[in-house]
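In what follows, a single structure is set out as structure tokens and then discussed.
When reading the values below, keep in mind they use all heavy atoms of this one structure, side chains included, and skip hydrogens, waters and symmetry mates.
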Amino acid sequence: MMTITEKAAAELRSLLAEKGLGEGSGLRIGISKGGCAGLQYDMNLGSMAAGDETSERDGMRIFVEAEAARMLAGATLDYVDDLAGSGFRIVNPNAARSCGCGTSFEPDAAVLGT
């Protein structure tokens with residue numbers, strides 16, 4: 001399960017309204033190979049799929065793909081707007097290291113079971 005900050009929930013609410021997406025929609029989060037640290041976060045607006053884990057704050061939901069749930073357990077979804085750019089960012093306690101921009105990571109060996 002992931003935690004959603006108040007700022008991330010507010011930004012997600014604005015984004016869903018802007019796109020005209022209503023009840024049942026949220027931010028889908030997955031992981032794929034890529035990025036400068038080995039794995040990258042994939043984020044898209046969408047609806048829940050079979051096997052997804054769901055987290056909610058202030059009526060806003062995120063759906064974590066089943067394959068990514070183990071590597072995102074205990075992570076926090078935040079929204080930042082700073083000199084480096086703006087967007088959703090994941091603070092992941094299961095990352096051994098992350099790239100400078102925060103969009104990719106290398107998972108801790110314990111998460112991988114190695």
Within-4.5 Å side-chain heavy-atom neighbours: I31 and D42: no

Among residues at least two apart in sequence or on other chains, which ones pass ring pair (Phe, Tyr, Trp, His ring centres under 6.0 Å) with F63? none

Pairwise distance CD(E67) to OG(S32) - rounded to 0.5 angstrom: 11.5 Å

What closest approach, in Å, do A66 and G51 show between heavy atoms, and which atom pair accounts for it? CB-O, 3.3 Å

L15 and F88, any side-chain heavy atoms less than 4.5 Å apart: yes

For the side chain of E53 and the backbone of V64, is there at least one donor-acceptor N/O pair under 3.5 Å apart? no

What closest approach, in Å, do T54 and M1 show between heavy atoms, and which atom pair accounts for it? O-CE, 3.8 Å

By side-chain hydrogen bond (donor to acceptor under 3.5 Å, both in side chains), which residues pair with S55, not counting sequence neighbours? none

Sequence neighbours excluded, which residues qualify as side-chain contact (heavy atoms from CB on, under 4.5 Å) partners of S86? Y79, D81

For A73, is there any backbone N or O sitting under 3.5 Å from a side-chain donor or acceptor partner on N94? yes

Tell me, with the steps shown, if L39 and M71 meet side chain to side chain contact (heavy atoms under 4.5 Å, CB included). CA-CA 10 Å; L39 296 175; M71 285 188 259; 3.7 Å; yes

Begin with the C-alpha distance, continue with both residues' side-chain angles, and end with the deciding distance and a verdict on side chain to side chain contact (heavy atoms under 4.5 Å, CB included) for L77 and T3. CA-CA 6 Å; L77 176 71; T3 300; over 6 Å; no

Spell out, yes or no, whether I62 and L16 are grouped together once hydrophobic residues are joined by side-chain heavy atoms under 4.5 Å, including indirect joins. yes

side-chain contact (heavy atoms from CB on, under 4.5 Å) partners for S14, two or more places apart: none

Which residues pass the side-chain contact (heavy atoms from CB on, under 4.5 Å) test with D82, sequence neighbours left out? V80, A84

Nearest 0.5 Å, please: how far is OG1 in T5 from CG in D78? 3.5 Å

Could you list all the salt bridge (Lys or Arg N to Asp or Glu O under 4.0 Å) pairs where at least one residue sits in residues 2-23, not counting sequence neighbours? E6-R57, E23-R61

So, using side-chain hydrogen bond (donor to acceptor under 3.5 Å, both in side chains) as the criterion, who are the partners of D58 when residues are at least two apart? none

Can you confirm whether L72 sits close enough to I29 that some side-chain heavy atom of one is under 4.5 Å from a side-chain heavy atom of the other? yes

I90 and T76, any side-chain heavy atoms less than 4.5 Å apart: no

Establish whether M43 and L21 are linked, either directly or via other cluster members, by ILVMFWY side-chain heavy-atom contacts under 4.5 Å. yes

side-chain contact (heavy atoms from CB on, under 4.5 Å) filter on A49, not counting sequence neighbours, yields R28, D52

